[in-house]
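Take a look at the structure set out below.
Just so we're on the same page: letters track the sequence lines, and every chain starts at 1. For clarity, every value in this text was computed on a predicted model and none was experimentally measured.
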Number of protein chains: 2
Amino acid sequence: MIDRSSTTDRVAGALREMIFAGDLAPGGPLREVTLAESFGVARSTVREALQVLTAEKLLTRLPNRGVTVTELAEHDIEEIFEARLVLESAGVRAGATGADLSPSTRALATYAEAAGGDSPLVATHAHLEFHTSLVALLGNSRLVAGADVLTADLRLVLASVERQRRNARQQVAGHRRLLTLMRAGDEAAALAELERHLVAARASVIERVGA
Amino acid sequence: MIDRSSTTDRVAGALREMIFAGDLAPGGPLREVTLAESFGVARSTVREALQVLTAEKLLTRLPNRGVTVTELAEHDIEEIFEARLVLESAGVRAGATGADLSPSTRALATYAEAAGGDSPLVATHAHLEFHTSLVALLGNSRLVAGADVLTADLRLVLASVERQRRNARQQVAGHRRLLTLMRAGDEAAALAELERHLVAARASVIERVGA
DNA sequence: CCGACAATAATTGTCGGACAATCCTGCAAT
DNA sequence: ATTGCAGGATTGTCCGACAATTATTGTCGG
């Protein structure tokens with residue numbers, strides 16, 4: 001398939017990667033002319049790309065003062081995890097009451113594989129993919145879209161933090177336990193497991209950000 | 001407060017109102033030059049406004065073919081109501097377990113007042129506001145944002161349907177019952193009441209769209 | 001009449017430049 | 001210390017242009 005994306009999309013994509021990779025200092029202003037020159041495109045194209053990312057909440061626009069990489073406070077992190085708990089709990093309920101678990105099973109397999117690899121970034125990515133796969137168990141694209149927004153927010157936080165693979169092996173085991181409980185139809189236990197995991201993850205992220 | 005909004009925002013706002021009011025035929029293309037002339041602004045400004053609304057999913061962009069008012073099928077309506085059930089159920093749980101219910105109480109009061117008035121549009125708006133207030137009981141701005149997206153989607157559907165105030169009196173009574181159950185801390189009954197209402201509303205919307 | 005195909009028109013995507021409005025900074029004056 | 005002002009930087013908006021793409025029309029052979 002030949003590349004059919006627009007210039008705006010490619011610029012937005014490049015900026016998105018830079019944001020998630022932590023190449024752009026949070027809070028630092030992104031100058032339109034500077035970006036236009038470095039990408040070799042017109043300023044109007046850069047403006048469109050910036051607006052796309054602003055709509056995704058990755059960038060924040062201050063009127064007449066430019067855009068900056070969105071900065072999230074501890075309060076935001078708590079919100080993100082609470083919101084994930086709401087959405088993923090709904091997915092787990094569906095999974096514990098008959099929904100097809102094979103997508104989550106596959107996601108866990110790739111996560112387990114990535115956890116054994118030596119790239120914390122791809123492992124984290126696979127981990128987040130597993131969590132969205134839980135929401136996807138509901139088969140509702142709008143809820144998945146909402147989960148994706150939360151995932152992007154979370155990646156924004158993680159970008160400003162040194163990545164370290166912490167006990168990925170243990171994490172995978174916990175997720176496997178969650179899937180087992182869902183297969184057994186034990187809704188209450190599955191929800192408890194999910195909440196335990198998210199609470200621990202939140203603490204871990206907040207601790208790392210605070211450091 | 002003097003008006004500090006940008007031209008782009010005002011154009012986007014005007015278009016949004018036109019969409020919700022049903023002034024723009026769904027599926028019909030919106031021509032950039034036509035809009036620029038009718039609003040008396042430059043094409044680039046129109047493009048930015050269109051991109052804002054595209055990011056909100058109110059408009060759909062077909063590459064090199066322009067934007068159209070997003071059309072939603074019956075399947076989308078079912079998704080919207082299922083997603084609302086997930087979010088509002090979480091809010092109702094919070095409400096039934098100690099959250100401050102006064103915002104929802106106020107929202108219901110304005111809805112009751114609007115239901116007595118003679119403008120179906122403001123009554124519908126107040127009704128939707130009440131439902132978002134349920135999600136707001138969680139005190140999580142991200143979940144509220146998600147609920148707002150769903151509300152906008154729903155208003156998009158309603159725009160293509162003749163508005164009729166159907167038994168608004170009865171609706172208000174049902175909502176009052178929901179609040180009472182939450183105050184009593186009867187979580188199960190409150191959730192059941194919410195689900196009953198949403199299922200009925202979904203059926204009503206689908207029936208009207210199909211007609 | 002119909003389908004294939006070429007010519008034409010309409011529209012979007014991207015570019016470059018321009019300029020007013022706004023914001024920021026430093027400095028002078030009170 | 002606060003106010004006020006000049007100057008520069010940056011954004012917001014406008015205009016015009018043109019290539020790329022899509023849609024429409026016209027033509028031709030069957």
Sugar-phosphate, base or nothing in reach of B/Leu50, heavy atoms under 4.0 Å: nothing
Given B/Asp153, B/Leu85, B/Val149, the one that forms side chain to side chain contact (heavy atoms under 4.5 Å, CB included) with B/Ile80: B/Asp153
Under 3.5 Å side-chain donor-acceptor pair for B/Glu129 and B/Thr110: no
Closest to side chain of B/Asn64, choosing from D/dG12, D/dT22, C/dG16: D/dT22
Which nucleotide in C/dT14, C/dC23, D/dT21 has an atom nearest any side-chain atom of A/Arg65: C/dC23
For atom CD of A/Gln51 and atom C1' of D/dG12, their distance in whole Å: 12 Å
A/Arg31 side chain, from C-beta outward: closest of D/dG12, C/dT14, D/dT10: D/dT10
Under 4.0 angstrom between B/Thr45 side-chain N/O and D/dT13 OP1 or OP2: no
Under 4.0 angstrom between A/Arg47 side-chain N/O and D/dT13 OP1 or OP2: no
Check: C/dG13 base within 3.5 Å donor-acceptor of B/Arg43 side chain: yes
Cation-pi check, A/Arg155 onto A/Phe20 ring (under 6.0 Å, within 45° of axis): yes
Whole-Å distance separating the CZ atom of A/Phe39 from the C1' atom of C/dG13: 18 Å
A/Arg61, nearest nucleotide to its side chain (from D/dC14, D/dG12, C/dT14): D/dG12
Among C/dC15, C/dT11, C/dT14, the nucleotide that comes nearest once only the side chain of A/Val41 is considered: C/dC15
Nearest-angstrom distance from the residue atom CZ of B/Arg4 to P of C/dA21: 14 Å
B/Thr7 side chain near D/dG12 phosphate (N/O to OP1/OP2, under 4.0 Å): no
Value rounded to 0.5 Å, distance of CZ in A/Arg16 from CG in A/Leu24: 13.0 Å
G-U wobble or Watson-Crick pairing nucleotide for D/dG29 (cut-off 3.5 Å, both distances): C/dC2
Euclidean distance, atom CG of residue B/Asp9 to atom C1' of C/dA21 [Å, nearest integer]: 16 Å
Given C/dG13, D/dT11, D/dC14, the nucleotide with the shortest approach to the side chain of B/Glu32: C/dG13
N or O in side chain of A/Thr8 less than 4.0 angstrom from C/dT14 OP1/OP2: yes
Close aromatic pair by centroid cut-off 6.0 Å: A/His197 and A/His127: yes
